[in-house]
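Worksheet: one structure, shown below.
All of these numbers come straight from a predicted model, not from anything done at the bench. Computation of the quantities below employed the complete heavy-atom set of this structure, encompassing side-chain atoms and omitting hydrogens, waters and symmetry-equivalent molecules. Chain naming here is simple, since letters A, B, ... match the order of the sequence lines and numbering starts at 1 in each.
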Protein chains: 4
Amino acid sequence: MNSFGKIFRLTTFGESHGTALGGVIDGMPAGIRIDTAEIMRQLGRRRPGQSQIVTQRNENDRVELLSGIFEGVTTGTPIGFIIPNTDNRSGDYDEMRHKLRPSHADYTYMAKYGVRDHRGGGRSSARETASRVVAGAIAMQALKELGIEICAYTSAVGDICLEPDYRLYDLSLTESNDVRCPDTEKAAEMERLIKAVKSEGDTIGGVITCVVKGCPAGLGEPVAGKLHASLASAMMSINAAKGFEYGMGFEGCRYRGSEMSDQFECKGGKISTLTNHSGGIQGGISNGEDIYFRVAFKPVATLLQEVATVTVSGEATVLKARGRHDPCVVPRAVPIVEAMTAMVILDHWLLNKTAHLQ
Amino acid sequence: MNSFGKIFRLTTFGESHGTALGGVIDGMPAGIRIDTAEIMRQLGRRRPGQSQIVTQRNENDRVELLSGIFEGVTTGTPIGFIIPNTDNRSGDYDEMRHKLRPSHADYTYMAKYGVRDHRGGGRSSARETASRVVAGAIAMQALKELGIEICAYTSAVGDICLEPDYRLYDLSLTESNDVRCPDTEKAAEMERLIKAVKSEGDTIGGVITCVVKGCPAGLGEPVAGKLHASLASAMMSINAAKGFEYGMGFEGCRYRGSEMSDQFECKGGKISTLTNHSGGIQGGISNGEDIYFRVAFKPVATLLQEVATVTVSGEATVLKARGRHDPCVVPRAVPIVEAMTAMVILDHWLLNKTAHLQ
Amino acid sequence: MNSFGKIFRLTTFGESHGTALGGVIDGMPAGIRIDTAEIMRQLGRRRPGQSQIVTQRNENDRVELLSGIFEGVTTGTPIGFIIPNTDNRSGDYDEMRHKLRPSHADYTYMAKYGVRDHRGGGRSSARETASRVVAGAIAMQALKELGIEICAYTSAVGDICLEPDYRLYDLSLTESNDVRCPDTEKAAEMERLIKAVKSEGDTIGGVITCVVKGCPAGLGEPVAGKLHASLASAMMSINAAKGFEYGMGFEGCRYRGSEMSDQFECKGGKISTLTNHSGGIQGGISNGEDIYFRVAFKPVATLLQEVATVTVSGEATVLKARGRHDPCVVPRAVPIVEAMTAMVILDHWLLNKTAHLQ
Amino acid sequence: MNSFGKIFRLTTFGESHGTALGGVIDGMPAGIRIDTAEIMRQLGRRRPGQSQIVTQRNENDRVELLSGIFEGVTTGTPIGFIIPNTDNRSGDYDEMRHKLRPSHADYTYMAKYGVRDHRGGGRSSARETASRVVAGAIAMQALKELGIEICAYTSAVGDICLEPDYRLYDLSLTESNDVRCPDTEKAAEMERLIKAVKSEGDTIGGVITCVVKGCPAGLGEPVAGKLHASLASAMMSINAAKGFEYGMGFEGCRYRGSEMSDQFECKGGKISTLTNHSGGIQGGISNGEDIYFRVAFKPVATLLQEVATVTVSGEATVLKARGRHDPCVVPRAVPIVEAMTAMVILDHWLLNKTAHLQ
C-alpha cells in the first residue's frame, strides 16, 4: 500500500539509493495551469543540504514530470514523475547490510519481507517524502484557485516551544530562518540547540503546527473519512511522526465543555464561531473556520555515535553510522506537512462535490 | 464513506433516532467460532445507563446477527447485523430542528448536505459506535486465536492523570470501577470529578491509553498504510477524539535521539528491544513488542446549561439541551477504542499474509 | 468483497435461507426524494412467483429502509436496509449438505472457505440480487432527476432471438408479457419454450439487451475505470451471466473499420454521430449517444431431474433437487440488469464531477 | 482512475507522445527472483514493427525498472518503471489537434476534460498497454512459482474462425506465426486477410481466446469480485475490446441446463469435473479446471483513407490519418490479454490468502 487519497491519489515508489524515486498522481482535475518552478521551490524547501542545521547530503531533487500536463495545463490524466537519485554514496551503508540500526525500520522490514534494500534505509528512508512534496505542490496549485492556503511552521524543538495559539505569530516570517519558525528569537534558540545536539552526534525532536485558511465548510466524510482522521493518517505517515492533535488537542481534555464550546454568531448572513477551540472541524466536517493541528516528531534514530546493536542473525555488535543525517527533522518536515495537508484537503474538496447532484 | 479497513472491512449505517443502526462486516476469515454472548458483553461495556457517571439513556443495544455465521462458525461471507433503536425520545430534540448546538456537527452537516436528521444528532451521534463495538468484538475472536490481546483504560480525566507507563498498572483492574481506570484510587478521584462536573450540567475531557500484546512483527504497510497511521485514523474517527500519539508521542519530542533509542538484544534466537520508546512500531511495521498509544477526548459539547446560539437561518437564540448525555465520554469510549484497535490489527494481520507467496 | 462502486457504493450481505438479506448504500447524494413504492415495484419485478414461467417460491421481498432517509429525502448518510427471509423451506435442501450440485457453487465455496451454508445455495443464491434491485431502484431516482433512463429486455431465450437493433422495438411493450420481451410474438414463442423446458425438469439460457438513454457525454474513467469495463464487471457479477458485449460486440469483429466507423455530424452546435456502432462509448467515456449492451445468461444449473454427482467427501451419489427453481432466469434478470446499470451510471456520473474544479 | 487490482495493483501513467510511459506495481510479493530479459521478451511481443501485419511504428519499448527489486529479487516495495517514448513523430498528428477522428476517443476526452493531448491519441492510445505488459510479465514470474500458466491466442480475424474448443489446438504453435494463431493454416489465411485489408487502408477485427492452466480452486470473491467479473473488467479495459465471454459464453445460452451441466468425478481423492462448460469458474470462484474465455476486438478506428468528420468546434471537414497504424490489433493484443490475465489471477491468489487465519 503506497497510495494516498481516494480521488486525488498519489502512489509513490523508490528507495533511497535506487535509480530514482517517483510517483503517479491520479485524479488531478483537468484545466489547472502548472507552475513547475513552484514545484522545484517546494522541493528545495525539503532538500537536504539547504542549511547548516540539516543533513549535508546533496540531493538536488530535480523532478521530471512525464505525463498528464500538456502545454502547461493538467489534462485530467495521471501525472507520472521521477526524481533521479544522484548523490548516492551507498558505500556509507555497507555495514548496515548485516547490522540492524536501533529504532530504525531495518528489523521490521526484515521481519515482514525477509529481504531488504539496506542502502540508506531503502524504502523506509525519508527520501521517499520528496515524491509527496511534488504531489503536494501540484495539489496546492489547485487549492490556490479555490482560495485555500496552507502554512506550517516549527512550533517546538526539544523544550523550546512556541505559544499554542498560531494567531500570535506572523506566519510570513516562517521562511525567514533555517528552522522555519515564525518567532525569530525562539528560532535562534532552536538553531543553537540543534547545532549543539549535532556537535554531540546526537539528534532532537520537535513539533510542527499547521494552519489551513480559506477552507470552505462541508469538507470531510462524517464517519470513516472524517477530515481530521484523514489529516491524522496523512501526518502519521510522515517519517518520525509520533503524534497528532487538532484544535485544542490533548490540552483540551483537561477542560470543561463549557470552556471549550465554540459559540456561533451570524454576521452578514454568514454563520461563524466566536472562538475556534474545535480547530475548524466539527463532526469530521470543516466548518469554514481555520483548521489547525500539531504533529510531533521524534528525534531521528540515526546517531553519529557508536551504538551497541545486533546483526540480522542476532549476534551482538557495535555500529557507528557514517552517512549524513539530520540532527533534527523538523525544519525539513515543514514542507512535507504542508504537502500532505494539501493532498488531503484537495481530495476532500473533490469528494465533497459528490455529495449532491447539483 | 462509511467503511473502515481494507480486507476486514466494516461499513456502518444508522442514525441515533432512526429505526436501527447496523453494519456489514466484510472479509471476516472463515472458520472462526463466534461467541455471541461476548459480543453482547462488549456492547454492554459501551452501553449508556451502565453506571452513575454515564448518560442515563437506556439503549439496550441488542444486536441481531443476520448472516455470515452458520451453525456458530463464520463462513467467510459478510456478517450483516442490526441494533434496533428502542428508547428514542425524539421529542427531546424538537428544539434542535432549528437551533444549532455549539461545537456539535449540526451546522457542518447542514453546510455539507443541506438537510439533516436533527434527532439526537442523527448520524453524528456517538450511538453509531455501537456498530463498531459489534465488529470489534467479532474481530477480537479472530485475534484471540492468534494470541493477540487488546487492553484499553482511562488514563486521565480532566487534570487527574495516571503515569504514562502502562506497565506500572495491573490492567486486570480496569473493569473493577465505573471509570475503567486500573489505578483504583485515581479512579475514585476521577469518579468524584465526573459527578461534580455533571451536577453543574457541565462535561469534562480525558485520555485513554491502549495496549496491544502478542502482536507479531511484520504488521503494517510501510508507506501509505503504516500501522500507526491506520491506528491514528481509526482512533480519530471516534466521536470527540482530538489527539493521538503512540510510543513516547508528544513527550518524546523533547528528548534526544540517544535517549529514545531502543537497543536490540537477542535471547534464544529471538530479537527484541531492551526498551520500547517506539511503542512497538518502527517504520510503520510492528516489531513484536507491545504496541501502545494514547487518545485524547474533548469534553462533550452538549451541556445541560442554557447556551446562546443561532438558528439554522442565523438568528440569535438560546438553547437548553434536555436529553440525557454523558458528563464524560471516556469510560464508555474504552471499549470503542479496543474495538477499533481490534479491527485495525486484524485487517493488517490479513494484509500481511499477502506480502509473500508462501 | 461484497461492495459495488466507488462513490455510490452498495455493500450486500445475506444468505438465501438466513434471517435476512440486506445492504448498505453509501454515497447516495443528499436531497433526493425517495419513492418507496417504486422500490417495491422493482422488487416485485425480480420477485419469484410473479408468473407461470418463473420459480414458484414465494419471496414476498419486503424491504425495510433503516437509515439515510429523513422525512422522505436522502440525507447523504448511508441507507441501510434489510429484506427478511420469510418463505424458507430449508428442509428442501437437507440433501445438499453433503451432496455437491453440478455446475453450482457448492464445491467452490467448500474449496475456498472450508465451510458453507448449504441451504438454498447460501450466499451463492441469486436471492442476493434482491439487495441490488433495492439499491438500483434508489439510484434510478437520482438518475431520473438527471434525465437518464434505463431499459432492459429479453432479447433471446434458447434459439429464439430478436433482431440485434433495439431501435426496431417499442420498449414500452417489455412489461406487457411475462418474458419481458418487447416483440410480443417472439415473447409468446419464448414463453412456450420455457414452459416446455420446465415440464421436462430442464432449464434454458438467454440474452438480455440493455439500453441507457439520456446519458451525457463524459462519463467513464479512461484507463482502469472505462465505462464499459464497469458495466461488464457489474453484469458479470449477476448470477448465471456468462458474457457481455457492447455496441456491435462480438459481431462487430467480423467487420472492417470502414464499416464500423461512426461519423460525426454537428447540428445546432451539438456534435453527435450518424451511426452508433460504438454503443455510446468511445475510449471508455460516454459520447452522449445511447449506450447499449447485451448480457448472456446460461441455463440455470439446478435441474428437477435425477443427476449423478459426488458428496463433499468425493463419493459417487445421485441427487434430485426439489426446491422451486427458475426454468429460465432471464425474465427475472431484466430488473437486475437495470439495477446494476443504474448503479454504474450514477457512480460514474458522480465520479465525473471530480474531473474539474468548477 | 488508472489503477488495476486490489492487492497486486498496477497504476499507469503516460501519453503516446509524452516523455515516457510507465507505472507503479504495488503489492508484488517479496522474495521473487525477476528475469528482466523475460519482461523485455513480453514487451517485444506487444511491440509495433515486429512483423509485416502490424503497425510499422518503431517503439523499441525499453523498460527501466526503478525500484522494488534489489539484487534481482523483489523486496515487497513498489516497482516503479518507465518506458521512454523515443520514436515520436508528433507532426503526423498536427491535423488532429482540431479534427475529431470518428470512432476514436478524441471527442469524449474533449467532452470530459475540456482539454486533451491530441498527439497520437494521447492517453487513449493503445501505447498505454505497454505498461500493463511489463506488470503482467512480472506477475507471471510469481504465477510460475505457483505452477499457473497463461496462454492466449488469436482465434478469429474477420470471418476466419477457429473451433471454439481450445483443446483441439497445440498452443505451443501460437508463436510460430505473426498472427499468433495455433492453427497454422488458418493463420496463413488470417495473414492474407490482414494484408489485403491493409492494402485498402482499412482495418479488421478479431477474437482472442485465453486459457489459464494450473489455477487452484478457491480464487475469486463470490459477489462483488467474482473471478470472471474481474477478468471481464480487465479485458474490457484493453483498447478496442468490445466483448467478453467465459466458458460456453453467448453460445451456451442456446442450450439446456442438462446439456451444460458439468458432472463431478472423484479420482485419487481429488474432485474434478468430466466436462468444463463452466470455464473453470463456478459462483465466481475457480474450481481447479482450466479457465478459458474469449475477448472480442473491433476493427481499429484509424483508417488510412479519407474520412468525413468535424472539427472540435463542429465544422465539417475531411481527415486523412497519416501515422502508422495496425490493420488488425489482435496479434499484438495477445500478450496484453495474457498480461491482464496474469495480474487478475495473482491479485485473486493473494486475496484468497486472506480468507483464512491459517
Side-chain angles (χ1 to χ4, degrees), chain A residues 1-4 100 102-103 105 108 111-112 123-124 158-159 202-207 217-218 221-226 228-229 232-233 236-237 242-245 247 249-250 252-254 256-258 260-264 266 271 278 282-283 285 287 296 298-300 303 308-310 314 355, chain B residues 1-4 100 102-103 105 108 111-112 123-124 158-159 202-207 217-218 221-226 228-229 232-233 236-237 242-245 247 249-250 252-254 256-258 260-264 266 271 278 282-283 285 287 296 298-300 303 308-310 314 355:
Chain A
M1 284 163 61
N2 291 275
S3 299
F4 298 96
L100 300 174
S103 290
T108 54
K112 185 177 187 74
R123 181 73 178 152
S124 72
D159 280 323
D202 212 336
T203 63
I204 187 86
V207 177
E221 302 297 305
V223 169
K226 287 184 200 279
H228 55 266
S233 178
M236 297 307 284
S237 78
K242 301 294 285 189
F244 170 88
E245 58 182 3
F250 277 91
C253 305
R254 299 169 50 217
R256 304 228 168 167
S258 54
M260 287 292 99
S261 184
D262 290 322
Q263 277 192 34
F264 287 110
C266 186
I271 292 173
S278 297
Q282 276 158 342
I285 305 171
N287 67 359
K298 69 170 184 178
V300 179
L303 309 178
T309 190
V310 298
Chain B
M1 283 165 61
N2 292 274
S3 298
F4 298 97
L100 300 174
S103 290
T108 55
K112 184 177 188 73
R123 182 70 178 154
S124 72
D159 280 323
D202 212 334
T203 63
I204 187 88
V207 178
E221 303 297 306
V223 169
K226 287 183 200 280
H228 56 266
S233 178
M236 296 307 283
S237 79
K242 300 294 285 189
F244 170 89
E245 57 180 5
F250 277 90
C253 304
R254 300 169 50 216
R256 305 227 167 166
S258 55
M260 287 291 99
S261 183
D262 291 322
Q263 278 192 32
F264 287 110
C266 186
I271 292 173
S278 298
Q282 275 158 343
I285 305 172
N287 66 358
K298 70 170 183 177
V300 180
L303 310 178
T309 189
V310 298

Review point. Given the options Gly249(B), Ala224(B), Gly314(B), which has more heavy-atom pairs under 4.5 Å with chain A than any of the others?
Key: Ala224(B)
Point to revise | Closest non-hydrogen atom pair, Ile285(B) against Thr108(A) | key: O-CG2, 3.3 Å
Study note, to complete from the structure: To the nearest 0.5 Å, atom NZ of Lys298(B) lies from atom CZ of Phe250(A) at 15.5 Å
Point to revise | Heavy-atom pair count under 4.5 Å with chain A, highest-scoring of Arg123(B), His228(B), Met236(B) | key: Met236(B)
Review point. Checking Ser124(A) against chain B: side chain, backbone, both or neither under 4.5 Å from a heavy atom?
Key: neither
Review point. Rounded to the nearest 0.5 Å, how far apart are NZ of Lys226(B) and CE of Met1(A)?
Key: 12.0 Å
**Study point:** Atom of Gln263(A), atom of Pro102(B) and distance for their closest heavy-atom approach
**Key:** CA-CB, 4.3 Å
Review point. What option among Ser261(A), Gly257(A), Gly252(A) has the most heavy-atom pairs under 4.5 Å with chain B?
Key: Gly257(A)
Check your understanding: Would you say Ser103(A)'s side chain and Asp262(B)'s backbone share a donor-acceptor pair under 3.5 angstrom?
Key -> yes
Study note, to complete from the structure: Honestly, the part of Leu303(B) sitting under 4.5 Å from a heavy atom of chain A is side chain
Study note, to complete from the structure: Sequence neighbours excluded, the answer for side chain to side chain contact (heavy atoms under 4.5 Å, CB included) partners of Arg256(A) is Ser258(A), Glu259(A), Leu193(B), Val197(B), Glu200(B), Asp202(B), Ile204(B)
Study note, to complete from the structure: With chain B, the option among Ser237(A), Ser3(A), Ala217(A) that has the most non-hydrogen atom pairs under 4.5 Å is Ser237(A)
Check your understanding: Looking only at heavy atoms, what is the nearest atom pair of Ala105(B) and Gly283(A), with distance?
Key -> CB-CA, 3.7 Å
Exercise for review: Look at Val207(A), Asn287(A), Ile271(A) and state which one has the largest set of heavy-atom pairs under 4.5 Å with chain B.
Suggested key: Ile271(A)
Study note, to complete from the structure: Interface check, chain B: of Val310(A), Val223(A), Thr203(A), most non-hydrogen pairs under 4.5 Å belong to Val223(A)
Point to revise | From CD (Glu245(B)) to CD (Glu245(A)), nearest 0.5 Å | key: 8.0 Å
Study note, to complete from the structure: Hits for salt bridge (Lys or Arg N to Asp or Glu O under 4.0 Å) against Lys112(B), two or more places apart or cross-chain, chain-then-number order -> Glu221(A)
Point to revise | Closest contact, heavy atoms only, Ser233(B) versus Ala229(A) | key: O-CB, 3.6 Å
Check your understanding: If you tally heavy-atom pairs under 4.5 Å against chain B, which of Gly247(A), Ala232(A), Gly206(A), Gly225(A) wins?
Key -> Gly206(A)
Study note, to complete from the structure: Residue from Gly205(B), Gly218(B), Gly243(B), Cys253(B) scoring the most non-hydrogen pairs under 4.5 Å with chain A is Cys253(B)
